[in-house]
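The structure under discussion appears below in the form of structure tokens.
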Amino acid sequence: MIILFIGPPGAGKGTQAAQLAQKISVPHIATGDILRDAVKESSTLGLKAQGFMERGALVPDNEIIDLIKKRIIRSDCNNGFILDGFPRTLAQAQALGDMINQTDKQVDKVVNLEVPDSILIERLSGRRVCRQCRANYHVMNAPSKANGRCDKCSGELYQRNDDQVEVIKERLKVYKDQTVPLLDFYRTQKKLLDIRGESSITRTFRSLVETIGLA
Ligand code: AP5
């Protein structure tokens, strides 16, 4: 099964995609995570991507398309995969369609997670992430027990550079300008599933699996 997650920053794409990937036993491929690893390693891709990410802009299509091409041909994707944060532009969606058309597979479902802007800003500006295991916390809603340390692995918690309010606003603008047009692209193909993502993580997941037909 091939499932795509689209939604504004902070909608819960990563949270829901990770749980769904576990449920259906396919890899969860998050372009944001791959790019952050590349930045950490100061790889060629990381050095190119860093400036775009820090100001809330999209990394150029050719870099991202190349990254996905190389990732989805790996053998762990033979039975499908979940893409979280890709595609984000029409050019990326068309390139993905071309890649998948060369196989006997298809994009099965496209999840559109909908959450109001005010909730997104609150979620992202309070988010803290573990440097080691990537677990997510929130300073008010889900704080770690030990101050500044991860409850799961004791790793250091940090605030993403792009989780500053001004950058969050830019990311939301970029989402509306460049990614929202994809919703019609996939709606026309009858693949789009609109899921309300403002309730709890558990309730949203329940609604997601029911809508996909996996309950
Ligand atoms: P990326 O890392 O993908 O950032 P994003 O899309 O802005 O998404 P987030 O990770 O911020 O949010 P999310 O929707 O995954 O929510 P999450 O589950 O984490 O991309 C970063 C950057 O990389 C981009 O800005 C761009 O520069 C570049 N990039 C990436 N892909 C690209 C592409 N295809 N093309 C070009 N450039 C690309 O949840 C957020 C928080 O809310 C967490 O703290 C979580 O615990 C909490 N939360 C989640 N669900 C709930 C809930 N139901 N109730 C309460 N809290 C919740």
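Each of Ile195, Ile6, Asp194, Leu20 was compared with Val111 under the side chain to side chain contact (heavy atoms under 4.5 Å, CB included) criterion, and only Ile195 meets it. Paired with Asp117 under the rule salt bridge (Lys or Arg N to Asp or Glu O under 4.0 Å), one option of Lys173, Arg171, Lys176 passes, and it is Lys176. For the side chain to side chain contact (heavy atoms under 4.5 Å, CB included) criterion with Val110, the lone passing option out of Leu183, Leu83, Leu182, Leu4 is Leu4.
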Practice problem: Just do the side chain to side chain contact (heavy atoms under 4.5 Å, CB included) check on Leu193 and Asn112 with the steps written out, would you? | Solution: CA-CA 6 Å; Leu193 304 175; Asn112 170 31; over 6 Å; no

Practice problem: Go through the steps for Leu113 and Gln16 under the test side chain to side chain contact (heavy atoms under 4.5 Å, CB included), then give the verdict. | Solution: CA-CA 9 Å; Leu113 271 181; Gln16 298 296 330; 4.1 Å; yes

Quiz item: side chain to side chain contact (heavy atoms under 4.5 Å, CB included) between Val59 and Lys48: does it pass, once the steps are laid out?
Solution: CA-CA 8 Å; Val59 175; Lys48 282 185 194 159; over 6 Å; no

Exercise. Decide side chain to side chain contact (heavy atoms under 4.5 Å, CB included) for Val167 and Arg55; before the verdict, give the C-alpha distance in whole Å, the side-chain angles of both, and the deciding distance to 0.1 Å.
Key: CA-CA 6 Å; Val167 186; Arg55 61 176 189 273; 5.7 Å; no

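Using a 4.5 Å cut-off on side-chain heavy atoms (C-beta onward), Tyr175 and Pro9 make contact. With a 4.5 Å cut-off on side-chain heavy atoms, Ile212 and Ile3 count as touching. You'll find the side chain of His138 stays beyond 4.5 Å of the side chain of Arg128, heavy atoms only. Contact of the Arg74 side chain with the Ile29 side chain is not registered, since no non-hydrogen atoms from C-beta on lie closer than 4.5 Å. Contact annotation: the side chain of Asp163 never approaches that of Ser125 to less than 4.5 Å [non-hydrogen atoms, C-beta and beyond]. A heavy-atom distance below 4.5 Å is found between the side chains of Phe205 and Lys23. Side chains of Pro27 and Ile82 form no contact here, defined as non-hydrogen atoms less than 4.5 Å apart. The closest side-chain heavy-atom distance from Gln106 to Lys191 is below 4.5 Å.
Atom CG of Asn147 sits in a sparse spot, with 12 or fewer heavy atoms from other residues, nucleotides or ligands closer than 6.0 Å. Other residues, nucleotides and ligands contribute at most 12 non-hydrogen atoms within 6.0 Å of the CG atom of Asn79.
Linking Ile, Leu, Val, Met, Phe, Trp and Tyr whenever their side-chain heavy atoms come within less than 4.5 Å puts Met1 and Val26 in one cluster. No continuous path of hydrophobic side-chain contacts links Leu90 to Leu58 [ILVMFWY only; heavy atoms under 4.5 Å]. Both Ile72 and Ile65 sit in one connected hydrophobic cluster of ILVMFWY residues. Membership requires side-chain heavy atoms under 4.5 Å apart, directly or through other members. With hydrophobic clusters built from ILVMFWY side chains whose heavy atoms lie under 4.5 angstrom apart, Leu45 shares a cluster with Met53. Two different hydrophobic clusters hold Leu124 and Phe52 under the rule that ILVMFWY side chains link at heavy-atom gaps under 4.5 Å.
A cation-pi arrangement is found for Arg131 relative to Tyr158, the charged atom lying closer than 6.0 Å to the ring centre and inside a 45° cone about the ring normal.
Using a distance-only test at 3.5 Å, with no hydrogens or angles considered, a donor-acceptor pair links the side chain of Lys13 to the main chain of Gly7. Judged by distance alone, with hydrogens and angles left aside, the side-chain atoms of Ser200 form a donor-acceptor pair with the main-chain N or O of Arg203 at under 3.5 Å. Put simply, the side chain of Thr31 gets close to the backbone of Gly85: a donor and an acceptor are under 3.5 Å apart. Judged purely by atom type and a 3.5 angstrom limit, Arg127 has no side-chain atom pairing as donor or acceptor with the backbone of Tyr137. In this structure, the side chain of Asn161 does not engage the main chain of Glu54 through any donor-acceptor pair within 3.5 Å.
With salt bridges taken as basic N to acidic carboxylate O contacts below 4.0 Å, one links Asp33 and Arg36.
The shortest heavy-atom contact between Pro116 and Glu198 is CD-CB, 4.1 Å. Considering every non-hydrogen atom in both Pro87 and Leu96, the closest pair reads CD-CD2, 4.1 Å.
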